[in-house]
S.K.: 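Structure in structure tokens, see below.
All chains are named by letter (A, B, ...) in the order of the sequence lines, taking the proteins before the strands, and each is independently numbered beginning at 1.
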Amino acid sequence: MATYVEAVRGSHSMDKSITLPPDEIFRNLENAKRFAIDIGGSLTKLAYYSTVQHKVAKVRSFDHAAKQESDGEPLYEISVQEEITARLHFIKFENTYIETCLDFIKDHLVNTETKVIKATGGGAYKFKDLIEKKLKLKVDKEDEMSCLIKGCNFVLKNIPHEVFVYAKHGDSEFRFQNTHPDIFPYLLVNIGSGVSIVKVEAEDRFERIGGSSIGGGTFWGLGALLTKTKRFDELLQLASRGQHTSVDMLVKDIYGGAYGCLGLTGDLIASSFGKSATAEKEFSKEDMAKSLLHMISNDIGQLACLYARLHNLSRVYFGGFFIRGHPVTMHTITYSINYFTKGEVQALFLRHEGYLGAIGAFLKGAEEDNPNQYCWGENYAGSSGLLSVSPELNPMQRERSGTFLFDMLEMDRLERQLVNLPLLQDSSSYIPDTVDLTEDTLAREYWLCCFEEALDGVVKRAIASQKDQPEAAERAEKFRQKYRDKLQTLRHQPFAYGSLTVRSLLDTREHCLNEFNFPDPYSKIKQKENDLALKSYQRVLKTLEELSWEQRQIALVRGLLAGNVFDWGAKAVSDVLESDPEFGFEKAKQQLQERPWLVDTYNQWIERLKGPPHKCALFFVDNSGMDIILGVFPFVRELLSRGTEVVLASNSGPALNDVTNGELQILTERIAAMDPAIQASLSEDRLTLVQSGSSSPCLDLSRLDKVLATVVRERGTDLVVIEGMGRAIHTNYYAALSCESLKLAVIKNSWLADRLGGKIFSVVFKYEVPSIIQGHH
Amino acid sequence: MKLKSVKKPAFPWFGMDIGGTLVKLVYFEPKDITAEEEQEEVESLKSIRRYLTSNVAYGKTGVRDVHLELRELSMCGRTGTLHFIRFPTAAMHRFIQMGRDKNFSSLHTTLCATGGGAYKFESDFRTTADLELVKLDELDCLIHGLLYVDSVGFNGHPECYYFENPSDTQACVKQPCSLAHPFPMLLVNIGSGVSVLAVYSKDNYKRVTGTSLGGGTFLGLCCLLTGCETFEEALEMASKGDSTKVDKLVRDIYGGDYQRFGLQGSAVASSFGHMMSKERRDSISREDLARATLVTITNNIGSIARMCAVNEKIERVVFVGNFLRINTVSTKLLAYAMDFWSKGQLRALFLEHEGYFGAVGALLELLKASEDP
């Protein structure tokens, strides 16, 4: 149940002396509209919708028909355009600063359309007058519980790795869960001053099925009486230092040991506070607080289990101020749930639990913008991630924000609806990432260093991509600072943005680059390399045509692999490319490992090719230049010639030197112009280009463009080819598909190669047939 | 140790239940002793009988619940009175000492004991008093004892009762009733901690769950919060206090009922919720705190019991255990909670001998051994 406002009444000294780091906190206020506020007992959460103008790189084909091609002419034009996208901002700060913050917002608010602010939380009524006076907005109160549920649905749907399991003694304390496409039904146990247990069955269908009066308020109130400690956080700290066994009566205190025939262990608490029924002994504050914490956590856990069982629900999320990022309570609740359900139900927690009310209130006010119709993605550049609320546990947090503690979440509206690849064998167990760096300490250390070392190069490249803009260097420096801070945060809190992976490190870098208006630092390099590769296209084709069938097949695969060597994302390779601009396709082939490869199922692949053609192949492409033009196209051409339809899936937005959908369209046109076979396939609609919906060098098969999914289904796709280190090694290496798949990559990182038991430029060629299909052959 | 005797067991007949807080002792006093028998009776046995039956208090803390004694009870072919005695588990060592001083071991009787203390104190009985305990399972004893006492009745009256009109404080009255068809029943035993059993027949039951928030928690918290020392004192204070000064009610948050979820304004939203505020902490009495502790613990037990009843599909919920002794605040609250939250589907039943069934069950085990061939 609701609030704990009264308890902290009087603690709000309006400290005006503090200066806010404004452009860091309330960003994009000038375009802000639709405000919502959730005022809790100690923290205020503000939400608003804003539009962000940022630069995007576009490519445009020259009108080749109009003029003759000359050697010096690039094949397409790059332009940087302004684009407006929608962003949701959520900011959390202490109630103490509410007046300062309202003043700041008032001063910077330009948009006059906004007339109303949605408000929820126990403090909403208390600050109503202040808000109305300061912002000249009408405060419109929304029911707390429905806001909470709305917010919960939103984060569950839109934020991968929102949900985690807490394991105090695990290798990593936070174990993030897969997002399930179907989030309903679930149980939300909200532990505020009391406990509400809500069953959520659909977006707008939920019911409070029960609750308890023994909640956070009981811990706080009773704890304050017993220990004379006033603050909730201090009580938790007391508890974490205490020993409950001096206060509680355990089974072994009654039995002298375990109660074997009932399976009750000796350490089980038989009677909370059972030993304190005496005037003869004094008990320490710590011990009493600990006993109280166990008593309340166990009780809530028990009720939650009884309700989960009664309603046959296995997903149980815990939230409310009692939980809110406190490792101590997450641990005791987890323990209790494990005990009472014998491990059948897991206690689940949410990374953005503190924002749910504000998100929900905001969504209620923004229904006309239909935010639920879109997909949203967490912006790693603008969000501060999961931080524990106790400042001493988080030196980073203090350091970053001075004395003003705040926390942010930013979500970008994605241009397209994202869905699962229909060819995943089991979408609920699919995990894109191969290594979870939150758990793998060695790998984490390596990759964090690796990304840090590569930072100089990225900054250089960013500046070089905007030579015409004098302030680019300054922006690039800001980018460096921001990304370095992120890496620093992740060193201390690897779980800050969900599971830490190579993918998340790459994506964070892309987000930070975008943040400082470097939408596509590789655009010029890509352009140059595409140009160069196109010139060799016909020669490569000719060489291939002269080979026998068997020779051609291996040459095609080697070509694909050689093309994949050209990768500016891999530090070892970018060093080579930087120092040796003449490094060519043939040289790349020489670098490749000889067969047998590190992973080598080529023979099975060839046997398969001797059989009937595939109906349709979905090909996730990787880099620009040699890779796409001299590697992928000849390979695709062979598939087409066998009678297989091909769908080429490329990134919607730029990431490193990966070919984007826009670039690929132009390239394909150019290739078609010189290759009748490709031309014919295009016009017969046997070669199709789709966008993946992603702007990442990696690939999450559970978040793909809806159109892609439709095409895949309609074409009866029976082969998926995934190419490159980012898409086939860092992600999807273990992805199980329901059709045949080919994962190939060159390992361009010696550490990773070493880990996989190979050397740099080792080849992974992984052809897989799902067991169900195998049975038919 | 097995019971092999095929004859009636030798006097004295005891059943003992050693709990976390209290030891419950039942003693059968034969009233049909013949002159011949009396002649043969050894002195130590006479002395024990006289000591137990002529006193109502033993030492500083032992008490005989005279109002509970079962008279003219026929057990194992003998007629007599069943006495109910309790003392704190903390005094267990003095009790064992007394067993040695009164030379109990010379009587060649069997001491049947249940409860956790039967295990914990087993070696003390052996080494100090040369007594071998027969340890019995506490849940078996509880159920057997309960069914037995209910079947013999309470000196001509029913053992069981319930509250009529539990939702109306004015019209709420205690009504005797019969447990003629007891199964299935949900048995909630509230001692220091709480056990919840689903009982389908005399020998078919399962422990559904338990909670550590029980009578021990009430007393322990009351002692810490108010400085009281005994259960009686704590209850006395609770009877005078006002828990709404301590607890935050739904109406304290929503100004009235929370209609969206059908919660009444008078429902407790947060136990001890007002105590988050310093001003409130400074303005309440010890009695208010005792009352709030009692209400919190009782409501929580009611809530768990109700959920278990629904999960197990059982309508009859029987509350026993010494937490309910002289505790009408709790019995009425439980009756109300069962009725209100289940919309009249569940009925809370209570038994007059609240906490003694385990001890009775232990005694029955002693006598049963003689009936078996």
Side-chain angles (χ1 to χ4, degrees), chain A residues 1-4 6-9 122 143 145-146 192-194 196 208 210 212-218 220-222 224-226 230 247-249 251 253-257 259 261-262 264 268-279 283 288 294-295 298-299 302-303 306-307 309-310 340, chain B residues 19-21 115-117 119-122 137 139 191-193 207 209-217 219-225 227 229 231 246-248 250 253-254 258 260-263 267-278 280-281 289 296 299-300 303-304 307-308 310-311:
Chain A
M1 199 156 301
T3 61
Y4 56 119
E6 274 170 77
V8 288
R9 181 174 290 166
D143 172 67
M145 194 55 70
S146 42
S193 46
S196 280
R208 184 186 189 275
S212 166
S213 67
I214 300 184
T218 315
W220 194 346
L222 201 43
L225 288 169
L226 291 171
K230 288 176 205 151
V247 183
D248 290 342
M249 188 183 281
V251 166
D253 292 321
I254 302 177
Y255 274 82
Y259 184 5
C261 60
L262 281 182
L264 304 178
L268 190 73
I269 304 171
S271 175
S272 295
F273 288 91
K275 281 185 195 158
S276 66
T278 166
F283 297 91
M288 288 188 289
H294 276 305
M295 174 180 110
N298 286 339
D299 192 53
Q302 178 171 29
L303 276 176
L306 286 168
Y307 280 103
R309 194 176 307 153
L310 185 64
F340 284 109
Chain B
T21 312
Y119 295 80
K120 186 179 175 183
F121 296 105
E122 185 184 17
D137 179 79
L139 300 181
S192 316
R207 185 178 188 273
T209 190
T211 166
S212 68
L213 284 84
T217 315
L219 185 55
L221 278 175
C222 266
C223 290
L224 292 174
L225 293 171
E229 288 183 36
F231 183 67
V246 177
D247 295 339
K248 194 178 269 190
V250 169
I253 297 170
Y254 295 98
Y258 189 11
R260 175 89 177 69
F261 289 136
L263 289 175
V268 184
S270 173
S271 297
F272 288 85
H274 278 322
M275 297 298 95
M276 292 186 277
S277 132
K278 181 160 190 320
R280 295 269 193 169
R281 284 201 293 276
L289 287 172
T296 301
N299 274 335
N300 190 59
S303 177
I304 290 170
M307 284 304 298
C308 290
V310 176
N311 268 336

S.K.: Using every non-hydrogen atom in the two residues, find where Lys230(A) and Arg281(B) come nearest and quote the distance to one decimal.
M.R.: CG-NH2, 3.5 Å
S.K.: Counting only non-hydrogen atoms closer than 4.5 Å, does Asn298(A) touch chain B with its backbone (N, CA, C, O), its side chain (CB onward), both, or neither?
M.R.: neither
S.K.: If you count heavy-atom pairs under 4.5 Å with chain B, which of Gly210(A), Ser272(A), Ala270(A), Gly257(A) comes out on top?
M.R.: Ser272(A)
S.K.: Need one label for Met295(A): side chain, backbone, both or neither, based on atoms under 4.5 Å from any heavy atom in chain B.
M.R.: both
S.K.: Heavy-atom cut-off 4.5 Å, strictly under: side chain, backbone, both or neither for Leu289(B) against chain A?
M.R.: side chain
S.K.: Is it the case that the side chains of Ser271(B) and Thr218(A) hold a donor-acceptor pair, with the cut-off being a distance below 3.5 Å and no angle test?
M.R.: no
S.K.: Would Leu226(A) and Leu221(B) count as a side chain to side chain contact (heavy atoms under 4.5 Å, CB included) if you check the C-alpha gap in whole Å, the side-chain angles of each, and the deciding distance to 0.1 Å?
M.R.: CA-CA 9 Å; Leu226(A) 291 171; Leu221(B) 278 175; 4.0 Å; yes
S.K.: Give, as side chain, backbone, both or neither, the part of Leu303(A) having an atom under 4.5 angstrom from any heavy atom of chain B.
M.R.: side chain
S.K.: Picking from Asn300(B), Thr296(B), Leu225(B), Leu219(B), which has the most non-hydrogen pairs under 4.5 angstrom with chain A?
M.R.: Asn300(B)
S.K.: Please determine, among Asn299(B), Val246(B), Leu213(B), Asp247(B), the option with the most heavy-atom pairs under 4.5 Å with chain A.
M.R.: Leu213(B)
S.K.: Grab the two heavy atoms, one from Tyr119(B) and one from Tyr255(A), that are nearest each other, plus how far apart they are.
M.R.: CB-O, 3.4 Å
S.K.: Restricting to non-hydrogen atoms, name the atom on Asp248(A) and the atom on Asp253(A) that form the minimum distance, rounded to 0.1 Å.
M.R.: O-OD2, 3.6 Å
S.K.: What part of Phe283(A) lies closer than 4.5 angstrom to a heavy atom of chain B: side chain, backbone, both or neither?
M.R.: side chain
S.K.: Does any part of the side chain of Cys308(B), heavy atoms only, come nearer than 4.5 Å to the side chain of Thr209(B), both counted from C-beta?
M.R.: yes
S.K.: Is there side-chain contact between Tyr258(B) and Met145(A), with heavy atoms separated by less than 4.5 Å?
M.R.: yes
S.K.: Let's test your reading of the structure: which of Ser212(B), Gly215(B), Gly220(B), Gly117(B) forms the most heavy-atom pairs below 4.5 Å with chain A?
M.R.: Ser212(B)
S.K.: Please flag which part of Leu264(A) lies under 4.5 Å from any non-hydrogen atom of chain B: side chain, backbone, both or neither.
M.R.: side chain
